[in-house]
Amino acid sequence: QEQLVESGGGLVQAGGSLRLSCVASGSTTFSNKAMGWYRQAPEKKREFVGSITAFGRTVYVDSVKGRFTISRDNAKNTMYLQMNSLKPDDTGVYYCNVGRSGGYYQASDSWGQGTQVTVSS
């Protein structure tokens, strides 16, 4: 069973930046798996933010395109989410997820505990 730990959240003013990290451990061979980021705002459903395949191909939801960048460091079993030009609508708990395969991202049941991001106006 994979273990995922997110970090890097915090309080930031609109227009600011944050970098989130997701460290994976456990049975997963991290480099062979696609990974995803999600977020959940208060009283809203968890939504997909973006993903990265084992080969480094990324996909983003339209609302974050051009502002957010997902990357990975397989040597550190870590995925990152660089968030720039943050908006109050980006506020929420951010979660990472291990995909079921490497070539494309499909969510699995392995989730981290989340990290809170709050963007003030």
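Atom set for the values below is all heavy atoms of this structure, side chains included, hydrogens, waters and symmetry mates excluded.
Remark: side-chain polar atoms of Q116 are not paired, donor with acceptor, to backbone N or O of G9 under 3.5 angstrom. In terms of modelled atom types and a separation under 3.5 Å, the side chain of R72 and the main chain of N77 share no donor-acceptor contact. With hydrogens and angles ignored, the 3.5 Å screen pairs no side-chain donor or acceptor of T78 with any backbone N or O of V23. At distances below 3.5 Å, not a single donor-acceptor pair connects side-chain atoms of Q13 with backbone N or O atoms of S121. In this structure, T29 contributes its side chain and N32 its backbone to no donor-acceptor pair below 3.5 Å.
Aromatic ring orientation, F48 versus Y105: parallel (interplanar angle below 30°, classes split at 30° and 60°).
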For K65 and D62, what are the C-alpha separation, side-chain angles and deciding distance, and is it a salt bridge (charged side-chain N to carboxylate O under 4.0 Å, His left out)? CA-CA 5 Å; K65 283 181 181 177; D62 285 347; 3.0 Å; yes
Verdict with reasoning, L20 to Y80, per side chain to side chain contact (heavy atoms under 4.5 Å, CB included): CA-CA 6 Å; L20 307 184; Y80 302 100; over 6 Å; no
Evaluate side chain to side chain contact (heavy atoms under 4.5 Å, CB included) for K87 paired with R67, printing each intermediate quantity in order. CA-CA 10 Å; K87 305 175 181 179; R67 299 189 299 121; 3.8 Å; yes
Does the side chain to side chain contact (heavy atoms under 4.5 Å, CB included) test come out yes or no for L86 and L18, once each step is laid out? CA-CA 8 Å; L86 282 162; L18 285 173; 4.2 Å; yes
Given the rule in the side chain to side chain contact (heavy atoms under 4.5 Å, CB included) test, do M83 and D90 qualify, once you have shown the distances and angles that lead to the verdict? CA-CA 9 Å; M83 305 186 294; D90 295 319; 5.9 Å; no
Run the side-chain hydrogen bond (donor to acceptor under 3.5 Å, both in side chains) test on S108 and Q106 for me, step by step, so that the C-alpha distance in whole Å, both residues' side-chain angles and the decisive distance to 0.1 Å come before the verdict. CA-CA 7 Å; S108 71; Q106 184 179 18; over 6 Å; no
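Across every non-hydrogen atom of Q40 and K44, the tightest pair is NE2-O, 3.0 Å. Contact between A41 and T91 at its shortest, heavy atoms only, is CB-O, 3.7 Å. Across all non-hydrogen atoms, the minimal contact from S17 to Q82 is CB-NE2, 4.0 Å. Considering every non-hydrogen atom in both V98 and M35, the closest pair reads CA-SD, 3.7 Å. Scanning all heavy atoms of the two residues, the minimum distance from A107 to N97 falls at CA-OD1, 3.3 Å. In terms of heavy-atom proximity, A34 sits nearest to T53 at CB-CA, 3.7 Å.
Linking ILVMFWY side-chain heavy atoms closer than 4.5 Å, directly or via other members, places V93 and W37 in two distinct hydrophobic clusters. In the hydrophobic cluster analysis, where Ile, Leu, Val, Met, Phe, Trp and Tyr join through side-chain heavy atoms closer than 4.5 angstrom, Y95 is grouped apart from I70. With hydrophobic clusters built from ILVMFWY side chains whose heavy atoms lie under 4.5 angstrom apart, I52 shares a cluster with Y60. A continuous path of hydrophobic side-chain contacts links V12 to F68 [ILVMFWY only; heavy atoms under 4.5 Å]. Both M79 and V64 sit in one connected hydrophobic cluster of ILVMFWY residues. Membership requires side-chain heavy atoms under 4.5 Å apart, directly or through other members.
Judged by a 6.0 Å distance limit and a 45° cone about the ring axis, R46 is not positioned over the six-membered ring of Y94.
Between the SG atom in C22 and the CD atom in E6 there is a gap of 5.5 Å [rounded to 0.5 Å]. Rounding to the nearest 0.5 Å places OH of Y104 at 12.0 Å from OG of S51.
When the shell of 6.0 Å around CZ of R57 is examined, it contains 12 or fewer heavy atoms from other residues, nucleotides or ligands.
Taking the side-chain contact (heavy atoms from CB on, under 4.5 Å) definition, one finds that S63 meets it with R39, V61, sequence neighbours left out. Contacts of R19 classified as salt bridge (Lys or Arg N to Asp or Glu O under 4.0 Å), with partners at least two apart in sequence or in another chain: none.
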